S.K.: 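Provided herewith is a single structure, encoded as structure tokens, for subsequent inquiry.
Computed from a predicted structure; not experimentally measured. Atoms within a ligand are numbered from 1 in the order they appear, just like the ligands themselves.
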Amino acid sequence: MKKFLDLISEEMREGFYAAGYERELGRVTVSNRPDLCEFQCNGAMAGAKQYHKAPLSIANEVASHLQDSRVFSEVTALAPGFLNLKLKESFVSEYVDEMLRTEKFGLEEPDAVRTIVVDYGGANVAKPLHVGHLRPAIIGESIKRISRYCGHHVIGDVHLGDWGLQMGLICMELKRRNPGLPYFDETYTGAYPKEAPFTLSDLSELYPAASQRAKEDPAFKQEALLATVKIQQGVRGYQALWEHIMAVSLPDLKRNYASLNVSFDLWKGESDAKPYIPDLVAHLKASGLAYESEGALVVDVKEETDTREIPPCIVLKSDGAALYATTDLATIWDRMKNLHADTIIYLADKRQEMHFLQVFRVAKKAGIVREETKLLHIPFGTMNGKDGKPFKTRDGGVMRLEDLVHEINEEMYHKIVESRHEIDETQARETARVVGLSAIKYGDLSNQAAKDYIFDVDRFTSFEGDTGPYLLYTIVRIKSILGRYREMGNQVQKSAIRPAGNGLEKELMIQLAGFNAMMESACEESAPHKVCAYLYDLANAFNKFYHETKILSEEDKERRDSLLSLLMLTLGVLETCIDVLGFSAPDRM
Ligand code: ARG
């Protein structure tokens, strides 16, 4: 379906044309004075210069040509030359009626379907997921879903940090405690044990201990660096240990992501870039871009137009170890060669901005990607506590993701049990989980990603205001009206949506009609917060309408059917929006 605003603008353009002016002047926007009109056009003002005429007389002429428009019920010219617009009820209801009957509520397939890789999550193996991993998981999941809903071919990849120093640190800490393990005996040629020499809880203690030791003991750190190189080179014993670490860590990571309703198509990591590194390095050398500097291999990426210092990108360390930039470049190589990516979107903390700038420039300069390939880093800000400092546990430690989710669910659970005494324990727990997730995700996504935000448990879990639970509450309300209608022995079916019976109903319809334009721009701009803003406005429009309108007790059957269809459409749009944000609604709450 054409976009609602485009249809309105088209009609306005015809008005300008009929009055003898160029069509382009007829661009319509949403009114910034909703008390006066629904939409507005400032084209007469823009045309005044060009036509040497007073804007008000242009506006008057255009208005007179639109008196029997099928789109506008009112076109009013106002000094100094504004055109204030109101829409015909029938035009609005016909549009939403068509939405109800059209696939994806009238959102059209993209002109060009793109293959988009979303690189998000980014957990580091063997380190517990902490709150810092919340944002890339939540925002990335939503960007993936929005792009997919809009018709693109989208692949989500967790891109685990599985090849860095933390792996070497764990190996060395293990060696220190258990020097007799066969993994460290270079003369050992037998098979290694199938079972890992540690459990998940050992692992969560091994890493912090090793990391602390490395800070205090430079020799230990040196050994860990060496162990990391051995892992990367695939030295047998180290490779086997690495596999143990992965096998113990992965199920836990998967469980954690699943609890956030986050799922990946690919569970690849930095280590999967290994096979592409030799080709990458050879290519960079052959193209003349890479040169040696203090033993390391580097590529210059600064450009004349830069206004700040952009240091060279180090693609290999002097000891031959792969760096963050090495694996990222080799991963781009993989994604171009095997996934045929048109766009790669990275979710990473804004402090990594320089890293991505360097990597992207190398990729473009060296022709690893095509001229038209889009490489996009979506930087996100910090999640802060109420004190404005990075979110911490009560005693000041790093908050584990699991604990945060648990805390929110507890809070939700108490609220639910308080308001619904009859609810049984299992149901209350399950509802708390679903509603709790909406609180966390909406609380995050409703902010522009790049901004820091305050994680405020009380506000996020409130049933009122701009929150996830409020949206779910609205959805549950609609479900319950439709459910009651069914219980009365009726079938809910798609009937014709008729012209609005009151102003609030019309406002609801106009809000619904903006769906396809909103979704398309959220996709173009990788901006889930746009979906959030739309959802909140839609929920408000619905609740206002609902308070003023009788639905089930409406006696006129045609009108009742029309209202019920409007409810179905509202429910469908709301549920689609929360689905692309990555959460869902319970049946009751
Ligand atoms: N593991 C990284 C971190 O914790 C994030 C990975 C982001 N993705 C990437 N391709 N570099 O900071």
Side-chain angles (χ1 to χ4, degrees), residues 116-141 143-144 154-170 207-208 211 228 231-232 242 245-246 249-250 252-254 256-257 260 262 264-274 276-277 280 313-315 322-336 338-339 341 343-363 368-369 373-383 390 398-401 449-450 526:
I116 303 175
V117 177
V118 187
D119 175 317
Y120 70 110
N124 297 317
V125 172
K127 299 190 199 174
L129 276 179
H130 59 79
V131 292
H133 291 106
L134 195 63
R135 302 210 72 193
I138 292 180
I139 304 169
E141 179 72 17
I143 290 176
K144 178 187 79 178
V154 190
I155 304 159
D157 182 1
V158 63
H159 199 75
L160 296 171
D162 62 357
W163 230 34
L165 181 59
Q166 88 267 29
M167 302 303 243
L169 282 168
I170 290 170
Y207 171 71
S211 153
T228 310
I231 291 172
Q232 294 182 355
W242 179 88
I245 301 175
M246 293 298 281
S249 254
L250 272 184
D252 182 54
L253 284 175
K254 289 192 177 171
N256 264 287
Y257 280 122
L260 292 174
V262 166
F264 302 93
D265 304 295
L266 297 177
W267 277 86
K268 291 190 145 195
E270 292 167 355
S271 68
D272 289 290
K274 183 178 181 182
Y276 306 98
I277 293 176
L280 168 76
C313 180
I314 308 176
V315 290
L323 291 149
Y324 195 34
T326 324
T327 51
D328 262 333
L329 283 165
T331 304
I332 296 179
W333 190 285
D334 175 21
R335 287 172 179 164
M336 292 307 290
N338 300 314
L339 303 176
T343 302
I344 310 177
I345 301 177
Y346 295 84
L347 274 295
D349 193 296
K350 63 182 171 199
R351 283 169 294 190
Q352 296 191 22
E353 203 206 328
M354 181 59 84
H355 164 74
F356 284 107
L357 184 73
Q358 292 174 312
V359 166
F360 294 172
R361 283 190 180 179
V362 175
I368 299 169
V369 299
T373 309
K374 279 196 213 153
L375 299 173
L376 223 65
H377 170 213
I378 310 269
F380 52 81
T382 313
M383 172 175 147
V398 177
M399 176 78 120
R400 293 178 74 156
L401 195 62
S526 305

S.K.: How would you list, by chain and number, every residue that makes a ring pair (Phe, Tyr, Trp, His ring centres under 6.0 Å) with Phe356, sequence neighbours excluded?
M.R.: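 By the ring pair (Phe, Tyr, Trp, His ring centres under 6.0 Å) rule, Phe356 matches Tyr346, Phe360, His377.
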S.K.: Around ligand 1, what residues show up once you keep those with a heavy atom under 4.0 Å from it?
M.R.: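 For ligand 1, the contacting residues are Asp119, Gly122, Asn124, His159, Tyr324, Asp328, Tyr346, Gln352, Phe356.
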S.K.: So is Lys274 actually on top of Trp163's ring, under 6.0 Å and inside 45° of the axis?
M.R.: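 No, Lys274 does not sit over the ring of Trp163.
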S.K.: Using distance only, find each side-chain donor-acceptor pair of residues 126-133 under 3.5 Å and give its atom names and separation, not counting sequence neighbours.
M.R.:
residue	atom	partner	partner atom	Å
His130	ND1	Gly132	N	2.9
His133	ND1	His130	N	3.4

S.K.: If the condition is ring pair (Phe, Tyr, Trp, His ring centres under 6.0 Å), which residues does Tyr120 pass it with, not counting sequence neighbours?
M.R.: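 For Tyr120, the residues satisfying ring pair (Phe, Tyr, Trp, His ring centres under 6.0 Å) (neighbours in sequence not counted) are Phe264.
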S.K.: Among Asp252, Leu253, Leu260, which one satisfies side-chain contact (heavy atoms from CB on, under 4.5 Å) with Asn256?
M.R.: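 Option passing the side-chain contact (heavy atoms from CB on, under 4.5 Å) with Asn256: Asp252.
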S.K.: Salt-bridge test for Glu353 and Lys350: reply yes if a basic N is under 4.0 Å from a carboxylate O, no otherwise.
M.R.: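 Looking at Lys350 together with Glu353, the answer is no, because their closest N to O distance does not fall below 4.0 Å.
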